[in-house]
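Residue numbers start from 1 in every chain, and the chains themselves are labelled A, B, ... in the order their sequence lines are given, proteins ahead of strands.
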Amino acid sequence: MNAQEALLRDKLSDYYTDIFEANLIDEIVRVGFLDKFKPGEILVDIGENMTHIPLLLNGSIKIIRQEKEGDELVLYFLEKGDTCAISFINCINRKESIFRAVVDSDTEAIFLPVEHIDDWLAKYKSWRYFIIDSYHFRLIEMVESIDGLAFMNMNQRLMKYLGDKAKVQNKQDLEITHQEIADDLNTSRVVVTRLLKQLHNDGKVYSTRNRVRVNEI
DNA sequence: ACATTAAGTGATT
DNA sequence: AATCACTTAATGT
């Protein structure tokens, strides 16, 4: 086993060794490669073809839907231990992505080339479960996202957004501007400012320039 | 000191 | 909840 493979094996141990069978880990270590990203980097854009799927090791990624230049909305976040099964199907079918994936916080991931992941589906039960599970989870998050739009007011949506973000980044202190929040929720900055002020007065958040501290999740 | 960017606010729809 | 128009505050050069 070479150094590169040993490194991947070690990286996988936190979240994946328990769920994947040993043979599968061997294969992942052989064909996968490690990559790192900084906040703001676009992993996949709408309309692009995918050639690899990621296994997130740490950090977070936000999945965004955008309609014809302009209006956009964050659907959900991916975090360590996640993959994006949607990207998986995109790989298999050679279909174009319907989402954009943007790095939210410093992220490390192992990328797997598309040609293997199809085989593994038939070959490894743990891989099958992992993909199906991921799909299920993404669906639930999508429904939550719809619920948010349909049934929640902006105040609740803001709170959920901040809570989710704090959760995936694993910290209460978020470095973010009102404008960025407004973009992610597809509302205006003025509205975010006013709602944050309310939440601040209620003691639920503590907000200063470029920074929001989430006190309650 | 000045320019730029972020945040706060009243009024209107 | 959105938009406008304007103010104030924080930060960079």
Could you give the [atom1]-to-[atom2] distance, from [X] to [N], as a whole number of Å?
| X | N | atom1 | atom2 | answer |
| --- | --- | --- | --- | --- |
| A:Arg211 | C:dA9 | CZ | C1' | 17 Å |
| A:Arg157 | C:dA2 | CZ | C1' | 13 Å |
| A:Leu195 | C:dA1 | CG | P | 6 Å |
| A:Leu196 | B:dT9 | CG | C1' | 15 Å |
| A:His200 | B:dA6 | NE2 | P | 20 Å |
| A:Arg189 | C:dT3 | CZ | P | 13 Å |
| A:Glu175 | B:dA7 | CD | C1' | 16 Å |
| A:Asn210 | C:dA9 | CG | P | 17 Å |

For A:Gln156 and A:Phe151 the tightest heavy-atom approach is OE1-O, 4.2 Å

* Asked: Using the ring of each side chain (for Trp, its six-membered ring), is A:Phe130 parallel, tilted or perpendicular to A:Trp127, with breaks at 30° and 60°?
  -> tilted

Problem set entry | Note: A:Asp164-A:Lys160 ion pair, threshold 4.0 Å (strictly below) | yes

Check your understanding: Hey, mind stepping through A:Asn23 and A:Glu27 against side-chain hydrogen bond (donor to acceptor under 3.5 Å, both in side chains) and telling me if it holds?
Key -> CA-CA 6 Å; A:Asn23 289 346; A:Glu27 293 218 44; over 6 Å; no

* If you look at every strand shown and take non-hydrogen atoms under 4.0 Å, does A:Thr187 touch a base, only sugar-phosphate, or nothing? -> sugar-phosphate

ask   = Does a distance-only test, which skips hydrogens and angles, find a donor-acceptor pair under 3.5 Å between the side chain of A:Arg209 and the base of C:dT8?
value = no

- Message: Measuring to OP1 and OP2 of B:dT5, would you say a side-chain N or O of A:His178 lies under 4.0 angstrom away?
- Response: no

Does C:dA1 have its OP1 or OP2 closer than 4.0 Å to a side-chain nitrogen or oxygen of A:Ser188? no

By nearest-nucleotide position on DNA chain B, the 5'-leaning member of A:Arg194 and A:Gln179 is A:Gln179

